[in-house]
Amino acid sequence: MARADTLARARTLDRPELAYLMRFPTADGVRDLELTWAELARDTEWATARLREHGLAAGQRALLTASGFEGFWGHAVIGALRALKVPYGIAEAMGWDHRRTAVFHRELTPHAVIGLSAETLEGLAGMTDIGEMFRSTPVVLARPTAVPVLRGVGVTASVISAVGPALALECPERSGAHVNAAEWRFGERDGQLTVAAGEGRTSPLPETPLGITGRVVVSRCGCGSDNPRVLLAEAN
Amino acid sequence: MVGDRDTADRYFEPQVETMPREELRARQEKQLLELVEYAYANSAFYRELWDEHGVHPRDIRSVEDFRARIPFITKDMIRAYRSRTGDAFAGLLCVPVEELTSVSSSSGTTGDPEFFAEIWQDAPPLVTAQVRDLWELGLRPGDRVLSPPGTFRNFMDAGFQALGAVVIEVDTWMGNMPEVVEALRTYRPAYLQMMYPQMVELEHLAEKTDLKEAFSSLKGASCAGQPLSRKMKERIRDDWGIDVYEYTSAADTGTAWECREHDGFHLWEDTVFAECVEVDEHGWHDVPESDLGELVATDLDNRAAPLIRYRSEDLVRLSRDTCGCGRTHARMWVAGRRGDETVVQGRSVVLRDVWQAVEDQPETVAGVFQIVRDRREVDELRLRVGYDPHLTGDVDALAGRLSEAVRERTGVKPVLDMRTEEDLLKTMTSVAKFPRVVKT
């Protein structure tokens, strides 16, 4: 197999430990942070556990909508779907690509739609009843600004979002998006979220205000997790 | 900066890339015979089609048998099968859906998108087949690349990372070029993928930004989705100092890239069996290597849903001569799409002539235009043209000049619909394609 041979050759290269240099907005401008393969593996493991809580399992299908610069969390989600043996379709998160989202949704009948954006919903609303479209989808993980739109039409959507350098993912309890406490320290200052890197991260990140309005909940979630949750203002 | 031409390790897989053609042919024959058996056993679409044509895998014992007996397929045939059966994969799927890793799709600019079923380990198939091309461009472990704008055919990152490159997460889609320029200066990447609208936007930045300095860390940049015009290519290479590598679709089986010689698009013939033919009501025949024909492609490395003798509608010239780079795999030169020609009151109008006329006006030098038609034969040539408002004082005067320039090149006076470039580019519904021929 030609491609398998190509990748076998690629595996012989002396590759760096670094996979991504991610950039994220903070209250004081854009900041970058290194992301290693070891960290990606841990992030993938964490995302796998979260998606498993939503009931994703072999035999189902998913639809992921994302943009090209979202690989740092896209990698973790795709890795999780692969670990769970859930094939995924992929469309852009940008509003003008809503038709492909509609076709994937119609043809693949996904068990989960992950990463829906408000822009995609706006495009879809011009051609279909989005409530009818997504109410029958068992798991809808939407970006913060899309969540109120979906909930407004009776779709039980949960939040998925990059919050600074971390992925936040709401469990089926829908009482705030979990973040991985083993990797990140979230806090709040003047109603704004802050983040700092945990000891295990390669790149140091001191407490950094993110410019995101929200709260941190540290009490045990109904799902049994002790991971803290972030309540994002724009998702409510 | 032009790519490093002194790199000794030019080939990523030298034994494959420079394989003597007889060996390549023998390898393809083996792959084709296996493919025919496999597809007949596992694909409802091919089994039905080949049964209708009285073809069975036992009849296929050579490349010649394959070409003589296996029928062509077209996009319309696939759509018809899907419509008739309700099967999203149109009967092409050779494995249960559960065995797929992912499903990407075509842009869907001319109808419902076509699905591409994918099975993969380290990296999705499309970008994996580009690893050799990226190596040729000069990408090496430790280099940095800017993330591409979309996820059109899956995330591309894994392909770059397979080569040991580090991906810098930057939104490189329309409207973000100042940020891209800043990222180029900050992170000094070796590679980025560019799309047509980005170039139009960069063109606007060029007056107040030293793009040559900003791009100076690049070993190369790629561009796909549509051919670059002569003027745009000169601008990118000469004024911005970028060694730009165009690539195009290998009839939906993968992609075909220019090498450093910039003399045609290499098809990786261990992944695709390519034919260049003329098809008419009497049948088909090969076209001589110097002539234009339609690219017909067969997937040789796709066990999920292979395309077999797929008519691409791409008009190409194909050569199997060894390239100046030493690679033995065929190259093609793309002339356009079958069906893109418009006949206006009996007179043939081709995109290239319109493009030239549009580019010759300073206000429309970016070449943002579309032919608007609901059928191939029309009474009037309707053109939608994007202009740069910063360079345009009098739109009516521009329209007058443009109309005359188009008439001179095509013999047809057009009906013009003038828009700003931004307005026209906003109508794009794909990161990969700006459609040149539209219905409305």
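Below, chains carry the letters A, B, ... as their sequence lines are ordered, and counting in each starts from 1. Every heavy atom of this structure was used, including side-chain atoms; hydrogens, water molecules and symmetry mates were not.
- Relative orientation of the A:Trp96 and B:Trp173 rings is tilted, given thresholds of 30° and 60° on the angle between their planes.
- In this structure, A:Arg3 forms no cation-pi arrangement with B:Trp268, as its terminal cationic atom is not both closer than 6.0 Å to the ring centre and no more than 45° off the ring axis.
- Distance check: B:Thr128 OG1 to A:Asp5 CG gives 12.0 Å after rounding to the nearest 0.5 Å.
- For B:Glu34, the CD atom counts as densely surrounded, since its 6.0 Å shell holds more than 12 non-hydrogen atoms of other residues, nucleotides or ligands.
- Comparing B:Ala88, B:Ala158, B:Ala165 by how many heavy-atom pairs each has under 4.5 Å with chain A, the most go to B:Ala88.
- Only the side chain of B:Phe115 has a heavy atom closer than 4.5 Å to any heavy atom of chain A.
- In this structure, chain A has heavy atoms under 4.5 Å from both the backbone and the side chain of B:Val97.
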> Can you check side chain to side chain contact (heavy atoms under 4.5 Å, CB included) on B:Phe89 and A:Glu107, steps first, answer last?
Replying inline: CA-CA 9 Å; B:Phe89 295 96; A:Glu107 300 291 343; over 6 Å; no
> Between A:Trp73 and B:Glu169, does a side chain to side chain contact (heavy atoms under 4.5 Å, CB included) hold up when you go through it step by step?
Replying inline: CA-CA 11 Å; A:Trp73 67 261; B:Glu169 300 275 48; over 6 Å; no
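- Most heavy-atom pairs under 4.5 Å with chain B: of the set A:Glu70, A:His75, A:Lys85, this distinction falls to A:Glu70.
- For B:Phe160, no part lies under 4.5 angstrom from a heavy atom of chain A.
- Here B:Ser105 is the residue among B:Gly159, B:Ser104, B:Gly254, B:Ser105 with the most heavy-atom pairs under 4.5 Å with chain A.
- Considering only heavy-atom pairs separated by less than 4.5 Å from chain A, the leading option among B:Ala162, B:Ala183, B:Gly164 is B:Ala162.
- To the nearest 0.5 Å, atom CG of residue A:Leu21 and atom OG1 of residue B:Thr186 are 10.0 Å apart.
- A:Arg11 is listed as a side-chain neighbour of B:Asp122, based on a closest heavy-atom distance under 4.5 Å.
- For the options A:Gly95, A:Ala58, A:Gly89, heavy-atom pairs under 4.5 Å to chain B are most numerous at A:Gly89.
- Within the model, atoms CZ of B:Phe12 and CZ of A:Arg9 stand 4.5 Å from one another, a figure rounded to the nearest 0.5 Å.
- Between chain A and the residues B:Asp157, B:Asp270, B:Thr427, the largest count of heavy-atom pairs under 4.5 Å involves B:Asp157.
- Of the residues considered (B:Leu163, B:Asp87, B:Asn154), B:Asn154 shows the highest number of contacts with chain A, using heavy-atom pairs under 4.5 Å.
- Residue A:Ala91 touches chain B through its backbone alone, counting heavy-atom pairs closer than 4.5 Å.
- Partner B:Ser147 forms a side-chain contact (heavy atoms from CB on, under 4.5 Å) with one of A:Tyr20, A:Phe72, A:Phe69 and no other, that one being A:Phe69.
- Looking at B:Phe152 and A:Arg100, their side chains come closer than 4.5 Å, going by heavy atoms from C-beta outward.
- Interface residue A:Leu108: only side-chain heavy atoms are found under 4.5 Å from chain B.
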> What's the verdict on side chain to side chain contact (heavy atoms under 4.5 Å, CB included) for A:Leu13 and B:Trp135, showing C-alpha distance, side-chain angles and the deciding distance?
Replying inline: CA-CA 12 Å; A:Leu13 297 172; B:Trp135 185 268; 3.9 Å; yes
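- Of the listed residues B:Asp171, B:Leu100, B:Ile168, the one with more heavy-atom pairs under 4.5 angstrom with chain A than any other is B:Asp171.
- Heavy atoms closer than 4.5 Å to chain A are found in both the backbone and the side chain of B:Gln121.
- Heavy atoms closer than 4.5 Å to chain B are found in both the backbone and the side chain of A:Ala19.
- Your options are A:Arg82, A:Arg61, A:Met22, and the one with the most heavy-atom pairs under 4.5 Å with chain B is A:Arg82.
- Here the CD atom belonging to B:Glu17 is positioned 8.0 Å from the OG1 atom belonging to A:Thr6, to the nearest 0.5 angstrom.
- Atom CD of A:Glu122 has 12 or fewer neighbouring heavy atoms from other residues, nucleotides or ligands inside a 6.0 Å radius.
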>> Run the side chain to side chain contact (heavy atoms under 4.5 Å, CB included) test on A:Arg106 and B:Asp112 for me, step by step, so that the C-alpha distance in whole Å, both residues' side-chain angles and the decisive distance to 0.1 Å come before the verdict.
In response: CA-CA 11 Å; A:Arg106 184 187 73 212; B:Asp112 270 1; 2.7 Å; yes
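- At most 12 heavy atoms of other shown residues, nucleotides or ligands fall within 6.0 angstrom of atom CD in B:Glu422.
- Counting heavy atoms of neighbouring residues, nucleotides and ligands inside a 6.0 Å radius, atom CD of B:Glu98 exceeds 12 of them.
- In this structure, A:Glu92 contributes its side chain and B:Gly150 its backbone to no donor-acceptor pair below 3.5 Å.
- Residue A:Leu81: no heavy atom, backbone or side chain, is found under 4.5 Å from chain B.
- Of the two parts of A:Phe24, neither the backbone nor the side chain holds a non-hydrogen atom closer than 4.5 Å to a non-hydrogen atom of chain B.
- Here A:Arg23 pairs with B:Glu182 in a salt bridge; the nearest charged N to carboxylate O distance falls below 4.0 Å.
- Heavy atoms only, all atoms of each residue included: A:Leu18 and B:Val166 are closest at O-CG2, 3.6 Å.
- Heavy-atom minimum distance, B:Pro113 versus A:Val103: CD-CG2, 3.8 Å.
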